[in-house]
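Scroll down for the structure; my scribbles are underneath it.
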There are 2 protein chains.
Amino acid sequence: MDISPDNRTHRTKGSETAARVRGAALRLFAQNGYAAVSMREIANEVGVRPGALYNHFSTKQDLLKHLMLSHMAALMEAWHHQLGNPSASDPLDTFVRFHIRYHLDRADEVFISYMELRNLEPQNFKQVETERRKYEAILTGILEAGSKAGVYAVEDAKVTTRAIIAMLTAIPSWYRDNGALSRQQIEDLYSTMVRKSVAPGLPYEPRENG
Amino acid sequence: MDISPDNRTHRTKGSETAARVRGAALRLFAQNGYAAVSMREIANEVGVRPGALYNHFSTKQDLLKHLMLSHMAALMEAWHHQLGNPSASDPLDTFVRFHIRYHLDRADEVFISYMELRNLEPQNFKQVETERRKYEAILTGILEAGSKAGVYAVEDAKVTTRAIIAMLTAIPSWYRDNGALSRQQIEDLYSTMVRKSVAPGLPYEPRENG
């Protein structure tokens with residue numbers, strides 16, 4: 001491998017460009033929608049010629065897939081990283097706080113990841129779905145283990161997973177810094193709600209009247 | 001007013017066309033995104049000439065606004081209609097079941113209503129937001145009244161409203177008829193989770209360790 005200074009500079013510039021392309025694509029897709037954005041516009045935003053994009057991403061579809069997969073990869077890495085120093089003693093509490101913190105500053109990624117699923121070609125959709133399921137499986141595992149231990153009461157761990165993730169993932173769509181609630185208050189509030197929602201020994205039974 | 005048979009027929013055909021335009025626009029926007037769909041494509045889908053669309057909707061923006069506002073109006077009307085015959089004795093239970101039932105067969109409307117908010121012009125966005133807040137205020141009111149009565153324990157009724165609605169509104173994105181759970185089971189499961197999430201007298205307090 002050639003690691004002469006010249007080539008290093010070239011590779012660094014190349015990966016810098018790739019990062020700027022990803023950033024510009026993320027912003028433009030989130031703002032205008034994948035379908036409405038052209039590779040030419042992304043290139044303009046980055047300040048390079050359209051041809052330079054194709055050194056990094058062969059198609060706009062490739063770029064979208066890359067954005068979604070790298071979002072999922074970074075999320076999984078962050079989860080594994082925090083395991084060494086969890087934020088709470090209850091794993092459900094830890095998961096809720098992690099999910100909120102991770103997504104709160106990534107509103108565009110969240111928006112794109114949900115919004116543009118329909119624009120992924122089937123093979124790419126499958127790949128992204130596989131990664132998403134791995135992440136969901138973390139929460140499902142926590143719920144199943146807790147249910148077995150009698151700490152939680154969950155009727156269907158997979159559906160409960162979807163409910164909790166939907167609830168948490170919507171936060172970046174309305175949360176603003178300097179709003180009525182601090183990040184810590186948001187975390188506390190959602191963690192309490194989520195843990196109560198799966199608490200055992202509550203009086204509610206499936207309805208009787210209908 | 002001219003109510004001669006000829007004019008009646010004409011008006012009926014006109015509103016039939018408008019309904020078909022709305023239906024086609026809804027499908028196409030949901031499938032391809034607002035930005036990627038032209039008035040010409042909508043006309044093709046309906047089987048009329050583009051000019052015929054403009055008798056009903058002056059612009060594509062007008063059509064989008066109309067879709068969102070009529071979705072909200074129909075939702076509010078359905079809520080008021082069911083008040084005469086609520087599905088449960090607990091108003092929170094009633095709200096959860098209503099929201100799930102109403103949205104379960106309207107995946108396209110739900111998708112559009114969230115997804116295409118960014119494509120509404122500011123004035124139209126404001127109008128749609130106003131209607132959305134009216135609907136959210138129903139749930140907030142239920143939570144506030146229940147908290148006052150000591151039936152629920154809610155820290156922040158507005159944030160809790162957003163959490164519950166996000167949780168419920170995600171169901172149409174994954175629910176399929178003939179899946180593992182029936183509609184009734186979905187309703188029961190979510191109603192239990194939601195009511196537990198706001199139940200008083202649970203051991204969870206905001207975390208101590210951090």
ask   = Based on non-hydrogen pairs under 4.5 Å, which of B:Ala166, B:Ala170, B:Ala163 is most in contact with chain A?
value = B:Ala163
Neighbours of chain A found in residues 114-123 of chain B - heavy atoms under 4.5 Å =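 Expected list: B:Tyr114, B:Met115, B:Glu116, B:Arg118.
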query = Counting only heavy atoms not in A:His80, do more than 12 fall under 6.0 Å of its NE2?
reply =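 Count over threshold, so yes.
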query = So with a 6.0 Å cut-off around NZ of B:Lys158, is the heavy-atom count from everything else above 12?
reply =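 Not buried by this count: 12 neighbours or fewer within 6.0 Å.
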Considering all heavy atoms, the nearest [X]-[Y] contact:
{"X": "B:Ala36", "Y": "A:Ala35", "answer": "CB-CB, 3.4 Å"}
{"X": "B:Thr160", "Y": "A:Met193", "answer": "CG2-CE, 3.7 Å"}
{"X": "A:Thr192", "Y": "B:Glu155", "answer": "OG1-OE2, 4.3 Å"}

query = Between CD1 of B:Ile165 and CE of A:Met167, what distance do you get to the nearest 0.5 Å?
reply = 12.0 Å
request  = Check whether A:Tyr34 gets within reach of chain B through its side chain, its backbone, both or neither, counting any heavy atom under 4.5 Å.
outcome  = neither
Side chain, backbone, both or neither of B:Phe111 within contact of chain A (heavy atoms, under 4.5 Å) =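 Side chain of B:Phe111 only, per the 4.5 Å heavy-atom cut-off to chain A.
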message = Under 4.5 Å from any heavy atom of chain A, what part of B:Gln185 do you find: side chain, backbone, both or neither?
response =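 Neither part.
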key: Close approach to chain B in residues 173-182 of chain A, criterion heavy atom under 4.5 Å   = A:Ser173, A:Trp174, A:Leu181
